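Reviewing the structure listed below.
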Amino acid sequence: MLDRRRLLIGSAGAGLIGLGGCATGPTAAPGRLPYAERRPQILPLRARMDRVFDITVCLRPFRAQGPRLDAEQVGDTLVVHNYGHGGSGWSLSWGSGTIAVRKAMATSPAEIAVVGCGALGLTAAILAQEAGARVTIYAKDLLADARSARATGSWTPDSRIALADAAGPKFGDLWEEMARISFKRYRRYLGLPGAPVEWADHYDLFDPSAPSPPEPPPTVKPLAFARYRERIRDITPGDELLPPGATPFPTAQVRRTSALQFNIADYGHTLMADFLAAGGRVERREFRELGELANLKQKVVINCPGYGARALCRDETVTPVRGQIAWLIPQPEVNYGLYYNGVSMLSRRDGIVVQARGGGDMFATATTMRWSTGRRPSAP
Ligand SMILES: Cc1cc2nc3c(=O)[nH]c(=O)nc-3n(C[C@H](O)[C@H](O)[C@H](O)COP(=O)(O)OP(=O)(O)OC[C@H]3O[C@@H](n4cnc5c(N)ncnc54)[C@H](O)[C@@H]3O)c2cc1C
């Protein structure tokens with residue numbers, strides 16, 4: 001029997017570097033290898049323009065007061081709303097769906113309809129099945145064509161989820177419930193073939209001599225987004241300042257953390273396959289107004305139209321917030337993400353996500369894309 005310490009030392013000696021814990025001081029504890037000898041392999045990103053295979057432009061379905069989760073009666077049909085999750089839709093989907101399904105199942109209906117086949121619709125549909133209902137998804141677009149497919153794919157549960165002064169005093173508790181449920185649920189998708197969900201190291205690079213990223217124009221008032229991340233500090237990894245020379249990055253400071261990421265192509269397939277395997281049905285259909293939901297045979301509907309709520313529910317509280325991504329050809333050997341000087345990179349199995357983050361949250365024009373990639377966006 002090997003104890004954990006001997007196993008780590010033995011593995012490192014055999015060349016399997018990177019498996020040990022982190023001794024960050026200049027002198028390692030007796031019996032432990034110095035940090036620099038155990039550093040993870042960080043292979044170079046081939047960040048060349050000819051490797052950009054797509055540029056997608058999309059909008060986060062943002063509501064200043066946070067997502068809509070109330071229920072209303074439309075004719076003889078109960079409609080439970082589940083939309084407006086800003087930049088946190090994937091991250092909060094399981095928690096938000098749990099709350100919506102709880103409301104939808106209050107009268108124990110045998111059948112439930114779900115409007116929408118994005119992150120929120122698919123997860124709510126699976127949860128409704130698990131709660132015992134037969135579920136049909138009605139949607140104009142399936143996931144690959146829905147806005148959800150254009151997301152970065154990282155665990156960002158409080159990204160543009162609400163404005164600090166518009167979210168009610170109880171929203172923090174609701175957010176925390178959604179975040180904790182979702183985070184726990186994501187453990188089910190770790191370690192699966194295709195890696196629908198996985199952990200990856202993230203490096204935050206800082207150099208005082210680097211030029212600053214663009215500031216928002218002075219005419220644009222910065223948005224004060226609500227921040228709740230501290231509430232779940234007990235379940236999320238912290239970060240650490242790495243000693244100089246511990247990575248190949250040439251910046252003055254390198255901080256490292258671990259982050260959960262969603263490989264949306266595979267994760268989406270997994271969700272759809274799970275839904276269909278559990279007897280779920282999908283029907284392509286577009287609703288012009290909320291009243292049309294009362295014509296469905298199911299008398300309980302979970303409404304997850306995302307940004308489509310503006311038209312479907314005449315809900316102008318849903319507003320667009322920036323979102324453009326340049327996609328580099330995947331490099332499986334690049335198993336980390338990074339942020340440097342207003343540009344972020346996330347290496348997913350289905351593409352490497354590159355985003356410009358400077359210029360403020362409402363700044364999302366072709367100029368931003370050209371600044372990050374040198375190319376114009378090709379998709380609307
Ligand atoms: C660039 C970008 C990056 C992002 N990064 C992240 C991230 O890293 N992590 C994260 O958690 N979140 C992220 N988000 C946010 C996240 O993608 C969204 O919050 C989430 O996808 C919203 O999902 P949804 O299911 O509500 O909406 P959608 O994906 O828009 O799905 C709506 C569904 O409803 C259907 N529909 C709409 N109207 C009708 C109608 N009238 N009749 C019938 N069907 C209708 C649509 O066809 C579609 O199937 C990002 C968003 C963007 C734009």
Side-chain angles (χ1 to χ4, degrees), residues 56-75 77-93 96-97 99-100 103-104 113-121 124 138-141 145-151 156 158-172 174-175 178 216-217 219-226 228 285-296 301-324 359-365 368 379-380:
T56 53
V57 180
C58 195
L59 301 167
R60 292 167 173 86
F62 174 70
R63 291 180 85 233
Q65 57 273 67
R68 184 168 180 201
L69 281 164
D70 63 308
E72 67 175 304
Q73 206 62 40
V74 177
T77 300
L78 178 74
V79 177
V80 181
H81 298 291
N82 187 22
Y83 65 78
H85 296 74
S88 306
W90 281 106
S91 308
L92 295 178
S93 56
S96 191
I99 291 164
K103 291 180 183 175
V114 171
V115 174
C117 194
L120 275 298
Y138 298 92
K140 182 159 72 73
D141 300 305
D145 296 311
R147 288 187 163 93
S148 293
R150 297 180 177 196
T156 51
D158 68 350
S159 161
R160 301 152 173 124
I161 188 64
L163 289 186
D165 58 359
K170 293 192 185 140
F171 183 66
L174 183 71
W175 177 88
M178 292 192 285
T219 46
V220 176
K221 195 172 153 236
L223 295 176
F225 289 104
Y228 300 106
R285 184 154 165 187
E286 181 172 5
F287 302 96
R288 303 279 166 197
E289 56 180 18
L290 203 59
E292 286 179 25
L293 303 187
N295 301 332
L296 294 173
V301 178
I302 304 177
N303 184 36
C304 314
Y307 192 71
R310 256 182 101 86
L312 179 62
C313 311
R314 313 272 185 268
D315 184 351
E316 299 202 347
T317 63
V318 189
T319 54
V321 173
R322 65 183 275 170
Q324 292 130 321
D361 279 292
M362 304 311 280
F363 185 63
T365 62
T368 317

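When a residue number appears, it is its place in the shown sequence, counting from 1. Hydrogens, waters and symmetry mates play no part in the numbers below; they use all other heavy atoms, side chains included. What you see is a predicted model; the values in this text were computed from it and never measured.
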*asked:* Between Ser148 (side chain only) and Gly118 (backbone N and O only), is there a donor and an acceptor less than 3.5 Å apart?
replied: no

*Can any side-chain N or O of Lys140 pair as donor or acceptor with the backbone N or O of Pro305 at less than 3.5 Å?*
no

Heavy-atom pair of closest approach, residues [X] and [Y]:
X	Y	result
Arg150	Val57	NH1-O, 2.7 Å
His85	Ser96	NE2-OG, 2.7 Å
Ser93	Ala119	CB-O, 3.9 Å

*Does a side-chain heavy-atom distance below 4.5 Å link Pro67 with Phe171?*
yes

_Between Tyr83 and Pro61, is there a side-chain heavy-atom distance shorter than 4.5 Å?_
no

Distance in Å, [X] [atom1] paired with [Y] [atom2], rounded so as to fall on 0.5 Å steps:
X	Y	atom1	atom2	value
Leu296	Thr77	CG	OG1	7.0 Å
Leu312	Glu289	CG	CD	9.0 Å
Asp158	Phe225	CG	CZ	11.0 Å
Arg314	Leu290	CZ	CG	9.0 Å
Phe62	Ser88	CZ	OG	10.0 Å
Leu174	Ile99	CG	CD1	4.5 Å

Identified side chain to side chain contact (heavy atoms under 4.5 Å, CB included) partner of [X] from the options [options]:
X	options	value
Ile302	Val79, Asn82, Leu78	Asn82
Val318	Arg68, Arg63, Arg60	Arg63
Val301	Val74, Val115, Val114, Val80	Val115

*Test log, rule side-chain contact (heavy atoms from CB on, under 4.5 Å), inputs Trp175 and Leu92*: CA-CA 8 Å; Trp175 177 88; Leu92 295 178; 3.9 Å; yes

*Between Asn303 and His81, does any side-chain donor sit less than 3.5 Å from a side-chain acceptor?*
yes

*Determine whether more than 12 heavy atoms belonging to other residues, nucleotides or ligands lie under 6.0 Å from atom CD of Gln73.*
yes

